2 protein chains.
Amino acid sequence: MALEIKRVGEKKTDMKECSTKILAVRDALEIFSGKWKIPIIGALIYLETSGFKELQRMIGDITPKMLSKELKELEMNLLVKRTVEDTRPVTVTYSITEYGKTCQSVIFELYQWGENHRNKIKEEM
Amino acid sequence: MALEIKRVGEKKTDMKECSTKILAVRDALEIFSGKWKIPIIGALIYLETSGFKELQRMIGDITPKMLSKELKELEMNLLVKRTVEDTRPVTVTYSITEYGKTCQSVIFELYQWGENHRNKIKEEM
DNA sequence: CAGAATCCGGTCAGATACTG
DNA sequence: CAGTATCTGACCGGATTCTG
């Protein structure tokens with residue numbers, strides 16, 4: 001199970017081991033958080049490949065600045081591939097990488113939990 | 001699979017349905033993001049029940065303001081229960097709820113993906 | 001002990017305008 | 001088309017101090 005900590009041994013060891021795990025969780029969280037990461041990933045999975053403007057239209061409200069920034073981060077994390085074709089004017093296409101597709105399972109977990117949570121919270125009111 | 005969008009029918013319908021899903025994902029993300037949520041949940045799963053100061057010591061660097069704020073949010077989301085015992089001085093204990101434990105699976109998914117991602121990124125350098 | 005109140009710098013993200 | 005540049009208000013999170 002998550003964050004399970006053996007109750008044997010000393011506390012400090014356990015908490016240290018735990019901190020390392022927490023770092024991994026935070027890494028994952030950071031990659032997906034921000035207002036636009038998930039929409040972008042979703043759109044790219046849907047479109048498979050897309051230009052900048054097309055992507056912007058698909059997502060809706062995002063400003064070019066934000067789109068550019070988020071795409072850079074996703075690219076750094078190897079989830080998205082940016083390709084420049086040397087036409088005139090230059091054609092730039094973005095596509096999701098095979099590796100990028102592996103995050104679908106995490107996103108799906110988040111979706112399920114979130115969906116369930118919404119109902120839970122509503123019930124309680 | 002996550003964010004799967006049926007390729008039949010019209011785009012607008014699909015994207016709208018997709019937006020709703022994205023909201024659920026964002027809800028989940030919001031609950032776990034912030035610098036301290038995961039450490040707090042982890043500590044509470046470990047301690048099962050704890051006082052404010054004890055929790056603060058366990059987590060390490062967190063200021064009382066942050067701890068207080070995060071605990072309130074977790075309580076609002078039914079993940080944490082706050083109990084006040086009418087002793088003198090008052091004893092306040094925090095514990096994880098049964099429902100709170102259900103997020104372990106999500107956190108574990110995040111942990112696994114994050115851990116794997118760290119290696120992936122290292123490889124690439 | 002269990003917090004609340006205040007101050008404050010840094011980052012986030014939107015609006016707008018501009019470039020090649 | 002594919003972005004960059006600048007300005008700005010909002011918010012996050014830390015430090016410190018104070019209360020019952």
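Labels below follow one simple rule: chain letters A, B, ... track the order of the sequence lines, proteins then strands, and each chain is numbered from 1. Note that this is a predicted model, so its numbers are computed, not measured.
Atom-to-atom, CZ of A/Phe52 to P of C/dT19 comes out at 18 Å; the value is rounded to the nearest Å. Regarding A/Glu85, its CD atom lies at a distance of 16 Å from the P atom of D/dC1, rounded to whole Å. Per the geometry, CD belonging to A/Gln56 stands 13 Å off C1' belonging to D/dT4, to the nearest Å. When the P atom of C/dG3 is taken as reference, atom CG of B/Leu55 falls 10 Å away, rounded to whole Å. In this structure, A/Arg26 places its CZ atom 12 Å from C1' of D/dG13, rounding to the nearest Å. Put simply, CG on B/Leu67 is 10 Å from P on C/dA2, counting in whole angstrom units. Taking atom CG of residue A/Leu71 and atom P of nucleotide D/dC1, one finds them 15 Å apart after rounding to whole Å. At whole-Å resolution of the value, CG in A/Asp61 and C1' in C/dA13 are 13 Å apart.
A salt bridge (charged side-chain N to carboxylate O under 4.0 Å, His left out) check over residues 64-75 of chain A, counting only residues at least two apart or in different chains, returns the pairs A/Lys37-A/Glu70, A/Lys37-A/Glu73.
Ion pairing between B/Glu123 and B/Lys120 fails under the 4.0 Å rule for side-chain N and carboxylate O. Residues B/Arg57 and B/Glu54 are not paired through a salt bridge, judged by the lack of any N-O separation under 4.0 Å between the basic side chain and the carboxylate.
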Residues 83-90 of chain B, side-chain donor-acceptor partners within the protein, below 3.5 Å, at least two apart:
unit_1	atom_1	unit_2	atom_2	d
B/Thr87	OG1	B/Pro89	O	2.9
B/Thr87	OG1	B/Thr91	N	3.3
B/Thr87	OG1	B/Thr91	OG1	2.6

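Residue-to-nucleotide proximity on DNA chain C shows that, of A/Lys35 and B/Arg57, the 5′-proximal contact is made by B/Arg57. Nearest-nucleotide positions on DNA chain C for B/Val92 and A/Gly34 put B/Val92 closer to the 5' end.
Between A/Trp113 and A/Phe108, the gap from one ring centroid to the other reaches at least 6.0 Å.
Between the side chains of A/Asp27 and B/His117, no donor-acceptor pair of N or O atoms lies under 3.5 Å.
A sub-4.0 Å separation between OP1 or OP2 of C/dA4 and a side-chain N or O of B/Lys72 is present. At C/dA4, one or more side-chain N or O atoms of B/Ser68 fall inside 4.0 Å of OP1 or OP2 (strictly under the cut-off). Here A/Tyr94 does not reach the OP1 or OP2 of D/dC1: none of its side-chain N or O atoms lies under 4.0 Å away.
A 4.5 Å side-chain heavy-atom check between B/Leu67 and B/Trp36 finds every atom pair outside the cut-off.
Of the listed nucleotides (C/dG14, D/dC1, D/dT4), C/dG14 has the atom at the smallest distance from the side chain of A/Met66.
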Protein-nucleotides 16-20 of chain D N/O pairs closer than 3.5 Å?
none

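Looking at heavy-atom distances under 4.0 Å, A/Arg82 makes contact with sugar-phosphate atoms alone, never a base.
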